[in-house]
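Here the structure is laid out as structure tokens; the discussion comes afterwards.
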Amino acid sequence: MVQLTAGCCYRLSQASPDDEELFNGPHTVQFLSIKKVNAVNPGGVDRFRIIMSDGINFLQAMLATQLNGMVNDQTIGKHTIAVIEKLTCNYVQEKRLIIILALRVLETTAEKIGEPKPIIESADPPQNIPSVPTPAPVAASSSLKSSFQHQQSNNPAPPTRAGRGSIFPIEGLSPYQNNWTIKARVTQKSDIKTWSNARGEGKLFNVTLMDETGEIRGTGFNLAVDELYPKLEEGKVYYISKARVNLAKKKFSNLTNDYELSFERNTEVEECHEVTNLPMVKYHFVQLSGLEELPKDSICDVIAIVKEVAPLSEIISKQTSKAITKRELTLVDQSGYSVRITLWGKQAEQYNAEDSPVIAFKGVKVGDFGGRSLSMYSSSTMAVNPDIEECFALRGWFDSIGAAQSFQAHANTGGGMMSGFKRAEMRSIQEVKEAQLGQQDKADYFSMRGTIMHIKADNICYPACPTAGCSKKVIDVNGSWRCEKCNKSFDAPEYRYIMSLAVADWSGQAWLQGFNDVGVAVFGMPANDLVEIRDNNEAKFNVILHKANCTTYNFACRAKQDEYNGTMRTRYGISSISPLNYKEEAMALRDQLQSNWAR
DNA sequence: CCCCCCCC
């Protein structure tokens, strides 16, 4: 019978940030629940919240992202008994956040042990457990002598690790934390970029820093560029302290950290020469077939065989009118899908891998050209034939069977226009507006679920040419309906709907424009019938219009800007409307419940 | 303090 470490939850709930002994465990606990918490940036890495119990109390903790695999492959789940071998405590304002960094599973099929209770602040500690050890004093980390100033001053003494406090996990960094030192590998270093705008000019560079617990972006401006750009080398490991921790601007970051570092004048950077087992890169690969599930503009990692390499070419940026070199690679993987990825600038020019290599891409952008496409950011990395398991598997697969097979490209759904409702691409009205979809001189496509609040009653349909495929408006010329396009006249027009719907979801309201198919779906009758009702029985017409309200549909929409009366406006066109499909929805929810995060 | 990541 496994013995839980009674009292460890209470002790952790009282821990101070430097309580090393307590953080290194081991604590034998049982997981009462593991739940995925709100998704971060699209395509980002999941975060899992764990309720753990010591049999007496339970306590909430977060799983460090590098342990996500244990949830995904069901190594851990509800009622798993595990030994926590390392954790850290992060203080966000008044709240204490416990992050599990390392664990070992003891039992997976246990029953719930005991009747653990929540920890009530100010309550006495539970009885009959070992007393809480006194926290060790914080080791000072300020003895490091490697800031810019120190280097410039005449101080040749090499910094020593001995006087330093413990190394802080990147995962635990926050603006509320001071006196930290991280030990991290530079996994990516940008070129030096210069800018010049209304607010001034300058130069900057950034790096991606990684340890076992996570990644964080670091940026150096101006003086910090001169000082640190040559010092920080890609692939090397450094001790870094006294950088400023800022909120990351999610929009521009492809990392899953809420924060980023700004290198300041007194920031200390010192290379770590010891052998370390810090991983080189952490990947969260998606299969090429799975790209369809990711929203446009999300960021992902892929590993694939380069099946084709296009020659270097050049485009002119519409934004800057500058020429930019690019190169396109066609990637394939075991999912049977192929996708094109674009390399830019230096990466395009210097690409010279041969013989269908395996390449692992990290932090690439998902586009929707040709259904799905990929594009490198300057912060994206690519590793040719990396020394990882996934690479060996791909190599073996391709050399044995993959090379001879054909691949499925992602398709533009609905023949050029995205026409179908896609659950994975659902946006709220608020998101559509905030993301300014359709406002960049091009059409953007999205799916949404919304409820009709109001239908504009005037001009609900127009008299159209009955010729198949024409649908042009016809004009009443003395009782005869004339089509200019077909150069024909008809006894009667065929009415077609032209709809303006006020549609709302939980986040807001928008006007959607729809054509004949939308009207038929909403009213359940052709426009000719509705016109007849309108002209003969206005009360009945009003009832039909009214009854159509408060009905919820799945919409596929196209957002595009146009000019109207001299001003620009954004129009949302409905490319498909469908009633809610409860079975399909239930199945999708069932799949979510069965997925790893729901347990 | 940047934050552009391009084209078809």
Side-chain angles (χ1 to χ4, degrees), chain A residues 41-43 188-208 216-229 243-255 257-265 267 296-300 308 310-330 338-351 361-382 409-412 416-418 434-436 440-445:
Chain A
N41 47 328
Q188 185 268 137
K189 183 171 89 163
S190 74
D191 294 335
I192 295 172
K193 290 174 267 189
T194 56
W195 82 88
S196 172
N197 60 26
R199 267 175 277 173
E201 55 186 55
K203 58 184 173 183
L204 74 121
F205 78 106
N206 29 54
V207 289
T208 304
I216 194 163
R217 192 162 96 131
T219 305
F221 291 97
N222 303 321
L223 269 179
V225 176
D226 302 335
E227 208 53 54
L228 294 179
Y229 189 81
R244 198 168 59 188
V245 185
N246 295 323
L247 262 185
K249 286 164 198 160
K250 283 283 173 195
K251 201 179 165 191
F252 306 116
S253 174
N254 55 7
L255 303 181
N257 203 311
D258 289 339
Y259 305 108
E260 58 186 30
L261 297 180
S262 176
F263 301 138
E264 307 293 317
R265 283 190 66 81
T267 294
K296 172 173 150 56
D297 296 333
S298 59
I299 284 163
C300 69
E308 283 166 45
L312 198 65
S313 65
E314 201 175 81
I315 58 129
I316 306 294
S317 163
K318 279 181 184 166
Q319 298 266 328
T320 62
S321 305
K322 279 187 192 159
I324 302 139
T325 49
K326 69 157 194 172
R327 187 192 298 276
E328 246 160 34
L329 310 180
T330 303
S338 70
V339 73
R340 281 161 41 177
I341 184 165
T342 309
L343 276 48
W344 302 98
K346 229 187 269 176
Q347 270 171 323
E349 290 157 30
Q350 291 169 358
Y351 181 89
F361 293 90
K362 182 172 167 55
V364 295
K365 178 177 138 165
V366 177
D368 61 0
F369 187 74
R372 274 293 175 267
S373 58
L374 296 171
S375 175
M376 295 280 279
Y377 281 111
S378 63
S379 59
S380 309
T381 61
M382 47 184 278
H410 287 279
N412 272 324
M417 264 207 285
M418 297 251 289
E434 277 176 6
Q436 307 192 338
Q440 266 80 252
D441 276 348
K442 66 176 175 68
D444 287 314
Y445 300 90

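Below, read A as the first sequence line, B as the second, and so on, with proteins coming before strands; counting in each chain starts at 1.
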Is the distance from OP1 or OP2 of [N] to the nearest side-chain N or O of [X] less than 4.0 Å?
X	N	result
S375(A)	dC6(B)	yes
W344(A)	dC5(B)	no
K318(A)	dC8(B)	yes

So what does [X] hit on the nucleic acid, given a heavy-atom distance under 4.0 Å: a base, only sugar-phosphate, or nothing?
X	value
R340(A)	base
Q347(A)	nothing
T342(A)	base
K365(A)	sugar-phosphate
S313(A)	nothing

- Message: Stacking between dC5(B) and Y377(A), yes or no? Criterion: centroid separation under 5.5 angstrom, plane angle under 30 degrees.
- Response: no

- Message: Taking 5.5 Å and 30° as the limits, would you call F369(A) and the base of dC8(B) a stacked pair?
- Response: yes

- Note on the structure: Closest to the side chain of E260(A), out of dC4(B), dC7(B), dC3(B), is dC3(B)

- Query: Listed by chain and number, what are the side-chain hydrogen bond (donor to acceptor under 3.5 Å, both in side chains) partners of E349(A), not counting sequence neighbours?
  - Reply: T325(A)

- Donor-acceptor pair (no angle test) under 3.5 Å: E314(A) side chain, dC6(B) base: no

- Message: When you measure only distances, ignoring hydrogens and angles, does the side chain of R199(A) come within 3.5 Å of the base of dC2(B) through a donor and an acceptor?
- Response: no

- Can you label the angle between the F205(A) ring and the F263(A) ring as parallel, tilted or perpendicular, going by 30° and 60°? tilted

- Task: Test V364(A) against I299(A) for side chain to side chain contact (heavy atoms under 4.5 Å, CB included), laying out the working first.
- Result: CA-CA 5 Å; V364(A) 295; I299(A) 284 163; over 6 Å; no

What is the separation between atom [atom1] on [X] and atom [atom2] on [N], rounded to the nearest whole Å?
X	N	atom1	atom2	answer
L343(A)	dC5(B)	CG	C1'	12 Å
M376(A)	dC5(B)	CE	C1'	11 Å
L204(A)	dC4(B)	CG	C1'	11 Å
L247(A)	dC1(B)	CG	P	11 Å
H410(A)	dC8(B)	NE2	P	22 Å
F205(A)	dC1(B)	CZ	P	16 Å
I324(A)	dC8(B)	CD1	C1'	14 Å
R217(A)	dC2(B)	CZ	C1'	8 Å

- Could you list all the salt bridge (Lys or Arg N to Asp or Glu O under 4.0 Å) pairs where at least one residue sits in residues 311-325 of chain A, not counting sequence neighbours? none

- Short side-chain donor-acceptor distance under 3.5 Å, W344(A) and S375(A): yes

- Query: Should D191(A) and K346(A) count as an ion pair when the cut-off is N to O under 4.0 Å?
  - Reply: yes

